[in-house]
Amino acid sequence: MTLKYVPLIAALAFIGQTAGASAAGDAAAGETLFKQKCSVCHKIGEGAKNMVGPELNGIVGRKSASVAGFNYSQALKDSGITWEDEKLHAWLTDPKALVPGTKMIFPGLPKADDRDNVLAYVESFDADGKKK
């Protein structure tokens, strides 16, 4: 490799990092959306308890239908989903499309930026509900 290609490679790496950073979302905006759209049914943070929906602490990387004490639909129990970014985006877009038969009644978040922001907020809590 000649030296003239090094700046191009560095620029492409920077663009990739920037794209990833912007896709991560804004946790502060996500907190506002969570309070408006999610907190009626879900809690997160220290002391969060199951409500109409399960508490969401540490959801990223967790198997679906795995929060103790919550009565999940059979469809979600049988889904085999591990909650990673792609599945969470699909769920927040349209839960019934991802898991037909789910009990979750939610119209979805049609804007990708809104989903990114909510996920940035949710991902800021560990499994114990403490801020990372």
Side-chain angles (χ1 to χ4, degrees):
M1 176 166 64
T2 62
L3 213 44
K4 66 182 179 181
Y5 294 109
V6 173
L8 176 60
I9 293 168
L12 290 173
F14 175 77
I15 290 168
Q17 290 172 353
T18 304
S22 65
D26 176 347
E31 180 177 11
T32 299
L33 276 168
F34 186 92
K35 286 178 180 176
Q36 294 170 348
K37 306 279 185 181
C38 311
S39 68
V40 171
C41 298
H42 295 279
K43 297 301 175 203
I44 196 164
E46 293 186 63
K49 304 263 187 250
N50 295 332
M51 301 203 33
V52 173
E55 57 87 2
L56 298 177
N57 290 325
I59 190 168
V60 178
R62 187 168 74 196
K63 296 283 185 194
S64 63
S66 64
V67 172
F70 187 78
N71 184 22
Y72 291 94
S73 66
Q74 193 61 47
L76 199 54
K77 290 177 190 177
D78 295 341
S79 72
I81 291 172
T82 297
W83 294 117
E84 299 297 345
D85 192 60
E86 180 183 335
K87 292 295 184 188
L88 287 165
H89 269 273
W91 181 258
L92 290 175
T93 301
D94 187 351
K96 291 188 182 296
L98 180 64
V99 181
T102 182
K103 295 188 307 185
M104 185 165 168
I105 300 169
F106 180 65
L109 296 173
K111 295 179 183 175
D113 286 347
D114 287 347
R115 293 188 303 272
D116 286 340
N117 293 342
V118 167
L119 291 176
Y121 174 67
V122 169
E123 291 174 2
S124 70
F125 292 90
D126 64 21
D128 295 330
K130 294 187 189 312
K131 285 283 212 168
K132 293 180 183 177

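A side-chain donor-acceptor contact under 3.5 Å links Asn50 to the backbone of Glu55. With hydrogens and angles ignored, the 3.5 Å screen pairs a side-chain donor or acceptor of Arg115 with a backbone N or O of Leu109. Side-chain atoms of Asn57 come within 3.5 Å of backbone atoms of Gly45 as a donor-acceptor pair (strictly under, hydrogens ignored).
One distance of note links CD1 of Ile44 with SG of Cys38; it measures 9.0 Å at 0.5 Å rounding.
For residues 113-132, the ring-ring contact (aromatic ring centres under 6.0 Å, His included) pairs, not counting sequence neighbours, are Phe34-Tyr121, Tyr121-Phe125. The stretch residues 81-102 participates, sequence neighbours left out, in no salt bridge (Lys or Arg N to Asp or Glu O under 4.0 Å) pair at all. Judged as a salt bridge (Lys or Arg N to Asp or Glu O under 4.0 Å), the pairs with a partner in residues 118-132 (not counting sequence neighbours) are, in order, Glu46-Lys130.
Counting heavy atoms from C-beta outward, Leu98 and Ile81 have side chains that approach closer than 4.5 Å.
Heavy-atom contacts from other residues, nucleotides or ligands closer than 6.0 Å to NZ of Lys103 number more than 12.
Among the candidates Leu119, Leu33, Leu92, the single residue satisfying the side-chain contact (heavy atoms from CB on, under 4.5 Å) test with Asp114 is Leu33.
Pairing each heavy atom of Pro100 with each of Ala97, the nearest pair is CD-O, 4.0 Å. Residues Lys77 and Ala65 share a closest heavy-atom pair of CA-CB, 3.7 Å.
Scored by the side-chain hydrogen bond (donor to acceptor under 3.5 Å, both in side chains) test, Arg62 finds no partners at all (sequence neighbours excluded). Judged as a side chain to side chain contact (heavy atoms under 4.5 Å, CB included), and not counting sequence neighbours, the contacts of Ala28 are Asp26. Residues meeting the side-chain hydrogen bond (donor to acceptor under 3.5 Å, both in side chains) test with Ser64, sequence neighbours left out: Ser79. Under the side chain to side chain contact (heavy atoms under 4.5 Å, CB included) criterion, Lys35 pairs with Glu31, Ser39, sequence neighbours left out.
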* To do: Step by step, work out the side-chain contact (heavy atoms from CB on, under 4.5 Å) result for Val52 and Val40.
  => CA-CA 8 Å; Val52 173; Val40 171; over 6 Å; no
Check: residues 66-76 side-chain donor-acceptor pairs under 3.5 Å, at least two apart:
residue: Ser66; atom: OG; partner: Lys63; partner atom: O; Å: 2.6
residue: Tyr72; atom: OH; partner: Val67; partner atom: N; Å: 3.2
residue: Ser73; atom: OG; partner: Leu76; partner atom: N; Å: 3.1
residue: Gln74; atom: NE2; partner: Asp78; partner atom: OD1; Å: 2.9
residue: Gln74; atom: NE2; partner: Asp78; partner atom: OD2; Å: 3.4

